[in-house]
K.L.:
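One structure, as structure tokens, below. Some questions next.
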Amino acid sequence: MAEKQEKAFAKKVFDKLATVYPEVHPALEYTTAFQLLIATILSAQCTDARVNIVTETLFKKYKKPQDYISVAQEELEKDIFSTGFYRMKAKNIQGCCKSLIENYNGKVPKDFDELVKLPGVGRKTASVVAGNAFGIPAIAVDTHVIRLSNLLGFIDSKDQTKIEFRLKELLPESYWVNSSHWLATHGREVCFARHPQCHECVIAKLCPSFNPQSNMKGKK
DNA sequence: CTCCCGATAT
DNA sequence: ATATCAGGAG
């Protein structure tokens, strides 16, 4: 298929998702770029719902980068325990905060290439912060985006970076930030990894992987 | 490719 | 009891 058709197809898919998910803010709770950075680091291999439970109290105790490095790593570990990988995350958050203070005047850098230099911040996390806190066009590729991009035939690859660049060539910049929200939301609410709910999927007709048998569980 | 780890669904 | 969810670093 020609590239032009692929782009038209992608646009069709995302325009449809846009009508179903008009609310496009992240599922993570935050009020500042710094909070979003911390929440997104915590969300690695953890559900956003769980992160929100932890940050509700965490953000009352820790306001500035300085607050995170003025406690022992063990104390921060206890405060983020239930998000999993707590030793590494505590270490990364403290490393992040040190770097923010030493290299960025205590502010979260807006530049993607600076963000990925922070410990615990990969392309996904950097894209979430750049896109949602600073309005810089970026596509956050999480596990849902990987799965749905393959199911929808945008790409045949599990490589996070390749998928990010593929979606970027398929979509106009104005779609970038929202595109990952739409795919992630759709992945979380309808197109589950286990039993995709194809019967109630609004883009089933467009989806090359549409399976009418999908999800008959429970309905005899 | 392996390690890091708890919460929840089945 | 066990599978599955969910990214980044070395």
Side-chain angles (χ1 to χ4, degrees), chain A residues 25-30 34-58 68 73-100 103 108-109 111-133 138-151 155 157-168 177 179-197 214-220:
Chain A
H25 56 81
L28 293 171
E29 310 276 352
Y30 69 98
F34 179 58
Q35 285 190 351
L36 181 59
L37 175 66
I38 301 298
T40 312
I41 291 172
L42 290 176
S43 79
Q45 296 291 98
C46 180
T47 60
D48 290 350
R50 168 58 47 187
V51 173
N52 289 337
I53 292 170
V54 169
T55 54
E56 192 186 341
T57 50
L58 189 78
Y68 287 91
Q73 187 183 317
E74 292 70 31
E75 185 173 343
L76 183 54
E77 285 175 7
K78 280 177 193 146
D79 292 332
I80 63 170
F81 181 82
S82 71
T83 65
F85 299 117
Y86 56 88
R87 287 193 191 87
M88 192 200 58
K89 285 176 183 174
K91 191 182 159 90
N92 285 154
I93 286 171
Q94 292 191 319
C96 250
C97 290
K98 271 196 191 84
S99 178
L100 292 186
N103 307 313
V108 180
D111 187 50
F112 180 90
D113 296 312
E114 297 302 320
L115 284 165
V116 283
K117 287 180 191 165
L118 298 168
V121 178
R123 298 193 68 88
K124 187 258 181 177
T125 301
S127 296
V128 168
V129 174
N132 298 286
I139 298 182
V141 178
D142 66 2
T143 181
H144 301 291
V145 176
I146 294 173
R147 191 176 71 257
L148 296 234
S149 293
N150 278 274
L151 288 172
I155 194 173
S157 169
K158 298 288 178 194
D159 186 291
Q160 188 208 11
T161 309
K162 283 182 184 161
I163 295 168
E164 181 190 326
F165 286 113
R166 179 60 182 145
L167 290 174
K168 282 179 175 176
V177 173
S179 67
S180 39
H181 288 140
W182 291 324
L183 288 183
T185 303
H186 195 62
R188 220 161 13 229
E189 296 181 1
V190 179
C191 190
F192 310 142
R194 294 202 200 74
H195 324 282
Q197 309 291 100
S214 208
N215 131 64
M216 291 333 236
K217 60 156 191 165
K219 320 205 159 176
K220 297 274 139 84

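Reminder, nothing fancy here: chain letters follow the sequence lines and each chain counts from 1. The structure displayed is predicted, hence computed values, not measured ones.
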K.L.:
Hydrogens and angles aside, do A:E77 and A:Q73 bring a side-chain donor and acceptor to less than 3.5 Å of each other?
P.N.:
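A:Q73 and A:E77 do have a side-chain donor-acceptor pair below 3.5 Å.
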
K.L.:
Please check the phosphate of C:dG8 (OP1 and OP2 only) for any side-chain N or O of A:Q160 closer than 4.0 Å.
P.N.:
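The answer is yes; a side-chain N or O of A:Q160 sits under 4.0 Å from OP1 or OP2.
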
K.L.:
So if I take every side-chain heavy atom of A:F85 and compare against C:dA6, B:dG6, B:dC4, which nucleotide ends up nearest?
P.N.:
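Between C:dA6, B:dG6, B:dC4, the one nearest the side chain of A:F85 would be B:dC4.
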
K.L.:
Looking for any heavy atom pair under 4.0 Å, which part of the strands does A:T125 touch: base, sugar-phosphate only, or nothing?
P.N.:
sugar-phosphate

K.L.:
Taking the nucleotide of DNA chain C with the closest heavy atom to each, which residue, A:C46 or A:N92, is nearer the 5' end?
P.N.:
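In this pair, the answer is A:C46.
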
K.L.:
Does A:I80 reach a base, just sugar-phosphate, or nothing at all? Heavy atoms under 4.0 Å.
P.N.:
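The answer is nothing, as A:I80 stays clear of every strand by at least 4.0 Å.
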
K.L.:
For A:I146 and C:dG7, give me the distance from atom CD1 to atom P, rounded to whole Å.
P.N.:
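Nearest whole value for this atom pair: 8 Å.
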
K.L.:
Take the protein atom NE2 of A:H195 and the nucleotide atom P of C:dT4, then report the distance between them rounded to whole Å.
P.N.:
10 Å

K.L.:
Rounded to whole Å, how long is the line connecting atom NZ of A:K91 with atom P of C:dA9?
P.N.:
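Distance check: A:K91 NZ to C:dA9 P gives 12 Å.
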
K.L.:
Looking only at atom types and distance, does a side-chain atom of A:S180 sit under 3.5 Å from a main-chain N or O of A:V177, one as donor and one as acceptor?
P.N.:
yes

K.L.:
What integer distance in Å separates A:I41:CD1 from C:dG8:C1'?
P.N.:
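It works out to 10 Å between those atoms.
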
K.L.:
Measure from the side chain of A:R87, starting at C-beta and using heavy atoms only, and say which of C:dA6, C:dG7, B:dC5 lies closest.
P.N.:
B:dC5

K.L.:
Using a heavy-atom cut-off of under 4.0 Å over every strand shown, decide if A:Y86 touches base, sugar-phosphate, or nothing.
P.N.:
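Result for A:Y86 = sugar-phosphate.
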
K.L.:
Want to settle it: does A:T47 or A:G120 sit nearer the 5' end of DNA chain C, counting the closest nucleotide to each?
P.N.:
A:T47

K.L.:
I need the CG-P distance between A:L37 and C:dG8, as an integer number of Å.
P.N.:
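Rounded to whole Å, this separation is 11 Å.
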
K.L.:
Starting from C1' on B:dA9, measure out to CZ on A:R50 and report it in whole angstrom.
P.N.:
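Distance, rounded to whole Å: 14 Å.
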
K.L.:
Please say whether more than 12 non-hydrogen atoms of neighbouring residues, nucleotides or ligands are located less than 6.0 Å from NZ in A:K168.
P.N.:
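Atom NZ in A:K168 is packed in, count exceeds 12.
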
K.L.:
Quick one: pull up CD1 in A:I93 and OH in A:Y86 and give me the separation to the nearest 0.5 Å.
P.N.:
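Between atom CD1 of A:I93 and atom OH of A:Y86 there are 14.0 Å.
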
K.L.:
Which of these nucleotides, B:dC5, C:dA6, B:dA9, is closest to any side-chain atom of A:R194?
P.N.:
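Within the option list, the nearest is B:dA9.
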
K.L.:
Pick the closest DNA chain B nucleotide for A:M88 and for A:I53 by heavy atoms, then say which residue is nearer the 5' end.
P.N.:
A:M88

K.L.:
Please assess A:K78 against A:E74 for the test salt bridge (charged side-chain N to carboxylate O under 4.0 Å, His left out), listing each intermediate value before the final yes or no.
P.N.:
CA-CA 6 Å; A:K78 280 177 193 146; A:E74 292 70 31; over 6 Å; no

K.L.:
What's the CD1-C1' distance between A:I93 and C:dG7, to the nearest Å?
P.N.:
14 Å

K.L.:
Using the C1' atom as the reference point in each nucleotide, state the distance between B:dC5 and C:dA3 in Å, no decimals.
P.N.:
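Their C1' atoms lie roughly 15 Å apart.
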
K.L.:
Quantified in whole Å, what is the P atom distance between nucleotide B:dT10 and nucleotide C:dA6?
P.N.:
13 Å

K.L.:
Taking any heavy-atom pair under 4.0 Å as a contact, classify A:D142: base, sugar-phosphate, or nothing.
P.N.:
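Contact class for A:D142: sugar-phosphate only.
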
K.L.:
Rounded to whole angstroms, how far apart are CZ on A:R147 and C1' on C:dT4?
P.N.:
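Whole-Å distance recorded here is 12 Å.
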
K.L.:
Applying side-chain contact (heavy atoms from CB on, under 4.5 Å), run through A:Y68 and A:I38 and close with a yes or a no.
P.N.:
CA-CA 10 Å; A:Y68 287 91; A:I38 301 298; 3.7 Å; yes

